[in-house]
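Everything numeric in this text was worked out from a predicted model, so none of it was measured. First the proteins, then the strands, lettered A, B, ... as listed; each starts at 1.
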Amino acid sequence: MYTNNPYERLNKAWLRLMKALPTRLPSHKQVQLLRSPALLHPEHLSDALLLQTLDQCHHPSTLPTLQTLHSHLIDRHLHNNPSIAIKIMRAYASCGHTSPARKVFDGMPHKNIVFYNVMIRSYVNNGLYSNALCLFSEMGPRHGVQPDNYTFPCALKACSASGNLCGGLQIHASVSKFGLDTNLFVGNALITMYARCGRSGHACQVFDLMTDRDVVSWNALIAGYAQNGQFEQALKALKEMMVELNEPRPDSGTMASILPAVLSTDSSNVVFVRNVFDQMVAKGLVSWNAMIAIYANNSMSAEAVELFRRMEMEEGIEPDAITFASVLPACGELSALALGRKIHECIKRKRLLPNMVLENALMDMYANCGCLPAAREVFDNMQGGRDVVSWTCIITAYGVHGYGQTAINLFQQMLDSGLKPDHIAFVSLLSACSYAGLLNEGKHYFGTMTDTYNLVPRIEHFACMVDLLGRGGQLEEAYEFIMQMPLEPNERVWGALLGACRVHSDMSIGLIAADHLFRLVPEQSGYYVLLSNIYARAGRWEDVSSVRKAMTSKGIKKLPGCSNVELGNKVYTFHIGDTSHPQSEEIYKKLNLLLGKMKEMGYAAETDSALHDVEEEDKEGHLSVHSEKLAIAFMLINTGPEVLIRIRMNLRTCGDCHSAAKLISSITKREIILKDSNRFHHFKFGVCSCGDYW
DNA sequence: ATAGGGTTAG
């Protein structure tokens, strides 16, 4: 039965829609809301519906709706009702507009504490911390309102968010005056305030003095330690939290809080956090995101990708932008181009672009998979602007692919766009110069770094410069450069010098570098072959055996080299001397065939070169064929001539495999992109983009 | 009618 009001049905339908909507609307629902015919004529809506619609205005896109509603509420003289006025203030604040909220606030003749609390919170949520504190300080006997247990958490949040320790201390004093020290919410806010102001000791004191603690208290404490770089303390707090019986149980906030402490950590800690994760009854999206990020950042890319798959497929949880930003680096690390592309499609389908973080992550993924054009396409299509990270991504991409001049041009374009380069941008640029052998350019930019941009060079910049000079054959100069560095040279610096000595066959400086390296990191697997070979060549047999002993006594084994290639939707892994593949016989046949042709072209296996990182037992036989060669042969057998061969290797490729790949690319007229632990080698027409230096 | 902690990139 309908009345004569033609909008009665619409009112009913509208009411149903309102009830069905969640409190926070996803963006497409917001658009629906704005286009609703009922809202074009809100005068036909009942008071109750108007108020229900008001509750749904929580997003900037609903601002026009809100303004219409507001004027109708004024027309109906409902705006002076305190609870309605509060709703209007909150809605404006959620839409990012504090001024109209303040107007409502100022227009209320009798403001009780709730008005103050809501107004202060509006300011805090919109980043206007000083406004919030200003209003807070106006409270008091003069205006007839005293701050209460709702006011303090908000006021403290204003201090936490702006790192305002001074204000925080004053508020803490005030908290004590009002006897709210033991309030749970106030205590939690105090912990965060101290932690965010760099005082995790104070935060811990507050925590210890609290009579009630809940999961938020623990999370605030853990986050405090984690954000202040006290990773061990953060883990200790999490462990204590876990042994507390029953309550409080860790929640997704716990996972997010511990995150910074375990982004770069030991595998034992990753295992521990994984246990926490597994024990959580209701893991939300945030927990999955955090766990994926932890794996991805600790070089456990396969685990990151596997967790991502489980989350989507088995748990049916919808990934969001943060999930993608966390899993994309893992795709890059694995050169899982097919998965990376799938994720890119998914991102487009979900209309998550433009999003700078995602676009940067996509660029990085494509660059790491050896797809420079795809990385460039993402860069060119960025609609929401580019930041230093975006530019650094694309500069790195060109740099590692050997296009130093393009990297320099991009760097200049970045400057032209008004952005200021930071430390990492310079690492990227200097490496690009170094990879491309642009000696003078590298020196020039190293100079501008301090002269123009007031950046103090860090150890990684010095390592880049040593690499740059060394590559140019300026070994004496490189050595001098190290000697006058203001920082203590580390293994990267000496490693760069040793690498240069290998390429330029300089024994005397090579031995100096080797001695330093041996002193610094005798056990580091990456250097040990080089070290023992250079000592052997110099006839220093005692040092040879010391290197070997250091290796075995510390129980460190050489990381087994392996090469990954993607064929179809599968990743195939090859190890040294691998005979496990069904096509093994064919692979070795193919390699022998190629070897014959290579020898005709003057190839000799580099097994006796003292300055080369080839192992003793590495002869031409089956047992010692390096994984790169197997992977290349496998791809030659299984793909047509038009297919670009992409290989991912976990170590630095050796000189022998490099020469072999170069010759094979020439003989077979195939393009080969080999990514080793250091950089890309793009073999085309018998030439390598790295200029035979790496 | 009002409150506290936490997640993503080079």
Could you check which of [options] has an atom nearest any side-chain atom of [X]?
X: A/Asn117; options: B/dG6, B/dA3, B/dT2; value: B/dT2
X: A/Asn289; options: B/dT7, B/dT8, B/dA3; value: B/dT7
X: A/Val118; options: B/dG6, B/dT2, B/dG10; value: B/dT2
X: A/Leu259; options: B/dG6, B/dT8, B/dA1; value: B/dT8
X: A/Ile322; options: B/dA1, B/dA3, B/dT7; value: B/dT7
X: A/Val389; options: B/dA1, B/dT2, B/dG10; value: B/dG10
X: A/Ser252; options: B/dT8, B/dG6, B/dA3; value: B/dG6
X: A/Tyr150; options: B/dG10, B/dA3, B/dT8; value: B/dA3
X: A/Asp422; options: B/dA1, B/dT8, B/dG10; value: B/dG10
X: A/Asn183; options: B/dA1, B/dA3, B/dT8; value: B/dA3

Using the ring centroid of each side chain, check whether A/Tyr398 and A/Tyr435 are separated by less than 6.0 Å.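 Not under 6.0 Å, so no.
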Validation row, ring centre A/Tyr92 to ring centre A/His70 under 6.0 Å: yes
Pair A/Phe426-A/Phe411, ring-ring contact (aromatic ring centres under 6.0 Å, His included): steps then yes or no: CA-CA 9 Å; A/Phe426 270 104; A/Phe411 186 80; 5.4 Å; yes
Would you mind reading off the distance between [X] atom [atom1] and [N] atom [atom2], rounded to a whole angstrom?
X: A/Ile86; N: B/dA1; atom1: CD1; atom2: P; result: 10 Å
X: A/Asn298; N: B/dT8; atom1: CG; atom2: P; result: 14 Å
X: A/Met363; N: B/dT8; atom1: CE; atom2: C1'; result: 15 Å
X: A/His423; N: B/dG10; atom1: NE2; atom2: P; result: 17 Å
X: A/Ile258; N: B/dT7; atom1: CD1; atom2: P; result: 12 Å
X: A/Leu263; N: B/dG6; atom1: CG; atom2: C1'; result: 13 Å
X: A/Met365; N: B/dG10; atom1: CE; atom2: C1'; result: 15 Å
X: A/Asp387; N: B/dG10; atom1: CG; atom2: C1'; result: 9 Å

Using a cut-off of 4.0 Å on non-hydrogen atoms, how would the nucleic acid contact of [X] be classed: base, sugar-phosphate, or nothing?
X: A/Ser257; result: sugar-phosphate
X: A/Ala293; result: nothing
X: A/Leu328; result: nothing
X: A/Val388; result: base
X: A/Ser428; result: nothing
X: A/Asp320; result: nothing
X: A/Asn355; result: nothing
X: A/Lys157; result: sugar-phosphate
X: A/Arg213; result: nothing

Take the angle between the ring planes of A/Phe115 and A/Phe105 and call it parallel below 30°, perpendicular above 60°, tilted in between. tilted
[N] phosphate, OP1 or OP2, under 4.0 Å from [X] side-chain N/O:
X: A/Arg196; N: B/dG6; answer: yes
X: A/Arg90; N: B/dT2; answer: yes
X: A/Arg121; N: B/dA3; answer: yes

Is A/Leu73 close to A/Asn81 at the side-chain level, that is, under 4.5 Å between some pair of heavy atoms?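 In short, these two side chains do not touch, never coming nearer than 4.5 Å.
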Starting at CZ of A/Phe308, measure out to CH2 of A/Trp288 and round the result to the nearest 0.5 Å.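 It is 11.5 Å, given to the nearest 0.5 Å.
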Checking A/Cys433 against A/Ile408 for the side-chain contact (heavy atoms from CB on, under 4.5 Å) test, could you report, in this order, the C-alpha distance in whole Å, the side-chain angles of both residues, the deciding distance, and whether it holds? CA-CA 8 Å; A/Cys433 291; A/Ile408 290 176; 3.9 Å; yes
